[in-house]
Amino acid sequence: SQQGEEDPQALSIQEGENATMNCSYKTSINNLQWYRQNSGRGLVHLILIRSNEREKHSGRLRVTLDTSKKSSSLLITASRAADTASYFCATDVGTGNQFYFGTGTSLTVIP
Amino acid sequence: DAGVIQSPRHEVTEMGQEVTLRCKPISGHDYLFWYRQTMMRGLELLIYFNNNVPIDDSGMPEDRFSAKMPNASFSTLKIQPSEPRDSAVYFCASSSYRGSGYTFGSGTRLTVV
């Protein structure tokens, strides 16, 4: 079953602008990850944030986590046309190692 | 490393036929996952293995689906008999330890006609 839900479902911005995507989830988590999927390709891991962390950075990516609100956000700064893709959050629950993926945000960056 | 390798990339089969999807995880990764992606249901976790042992197969939709991991470098997902509603992209992923990021394969696009 899906644990997370991304918002918005679709986002279209101009190159150079910032893109923000949100993820809400239902139950307490150990870790939260963000992935990118280009059309027709597999998912690529972007960043992992643990439940005791509030913010992480990786290059132009910034992820925040608010466990009290059961939500996370992914910010892509200075977007490029190559950032056009679908972005998914994934959360793990319980004692296993399985991650459940959200519904995804489709990002289009217009050159 | 060549990453997670899945075969075939595309599979078209007739309803009722047996389908076998294959996956080679990254060497040294202890976890292997099978996911299915459709427009309607998104990404669904079907089953995952730890050190070649199936840990959670609660996502396997029906008895028609079975998965094996005979050794650390190979896994199969079998559908027998296949049905049109099984049409989807099937992804294999592996990870090195609990809580680490996954590396996904390129997927197998299955079409059952």
Side-chain angles (χ1 to χ4, degrees), chain A residues 1-7 9-10 23-53 56 58-59 61 63 65 72 74 85-106, chain B residues 2-7 9-10 21 23-26 29-51 53-61 67 88-111:
Chain A
S1 62
Q2 290 172 347
Q3 155 81 322
E5 187 169 321
E6 285 87 342
D7 171 64
Q9 287 190 327
C23 168
S24 59
Y25 55 90
K26 300 172 186 173
T27 60
S28 297
I29 61 170
N30 302 308
N31 304 281
L32 185 144
Q33 304 187 55
W34 284 92
Y35 287 80
R36 182 187 74 231
Q37 184 179 33
N38 291 89
S39 180
R41 307 291 290 274
L43 285 81
V44 174
H45 178 254
L46 296 176
I47 198 164
L48 181 150
I49 187 165
R50 304 198 186 281
S51 60
N52 61 355
E53 298 175 311
K56 281 190 87 167
S58 177
L61 306 180
V63 169
L65 178 64
S72 174
L74 170 67
S86 291
Y87 291 82
F88 295 87
C89 68
T91 54
D92 65 341
V93 299
T95 58
N97 188 31
Q98 63 269 48
F99 278 80
Y100 295 96
F101 285 78
T103 50
T105 291
S106 177
Chain B
V4 176
I5 300 173
Q6 291 187 245
S7 64
R9 287 297 311 274
H10 302 274
L21 311 181
C23 174
K24 176 179 169 54
I26 289 177
H29 279 194
D30 292 336
Y31 291 87
L32 183 139
F33 307 83
W34 283 99
Y35 283 86
R36 177 172 70 176
Q37 186 176 36
T38 61
M39 288 295 293
M40 291 297 294
R41 295 188 297 271
L43 273 157
E44 302 173 278
L45 174 64
L46 301 178
I47 185 171
Y48 85 95
F49 296 82
N50 180 23
N51 292 323
V53 176
I55 302 301
D56 185 348
D57 65 354
S58 59
M60 298 285 262
V89 181
Y90 290 80
F91 288 104
C92 175
S94 67
S95 72
S96 56
Y97 59 89
R98 181 168 176 264
S100 63
Y102 292 3
T103 301
F104 277 79
S106 298
T108 294
R109 181 173 295 276
L110 173 65
T111 303

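Hydrogens, waters and symmetry mates play no part in the numbers below; they use all other heavy atoms, side chains included. Here the structure is a predicted model, which is why all the values come from computation and not from measurement. A note on names: the letters A, B, ... follow the listed sequences, proteins ahead of strands, and every chain is numbered from 1.
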Kindly check if the number of other-residue, nucleotide or ligand heavy atoms within 6.0 Å of CD (A:Q9) is above 12?
-> no
Taken in chain and number order and not counting sequence neighbours, the residues that satisfy side chain to side chain contact (heavy atoms under 4.5 Å, CB included) with B:S95 are A:N97, B:Y31, B:F33, B:S100, B:Y102
Could you tell me which portion of A:F88 (side chain, backbone, both or neither) has an atom closer than 4.5 angstrom to a non-hydrogen atom of chain B?
-> side chain
With only heavy atoms counted, which part of B:Y35 is less than 4.5 Å from chain A, the side chain, the backbone, both or neither?
-> side chain
What part of B:Q37 gets closer than 4.5 Å to chain A, counting heavy atoms only: side chain, backbone, both or neither?
-> side chain
Apply side chain to side chain contact (heavy atoms under 4.5 Å, CB included) to A:H45 and list each qualifying residue two or more places apart in sequence or on a separate chain.
-> A:Q33, A:Y35, A:L48
Shortest non-hydrogen contact from A:Y100 to B:D56?
-> OH-OD2, 4.2 Å
Looking at CG of B:L45 and CZ of A:F99, how far apart are the two atoms once the value is rounded to the nearest 0.5 Å?
-> 11.5 Å
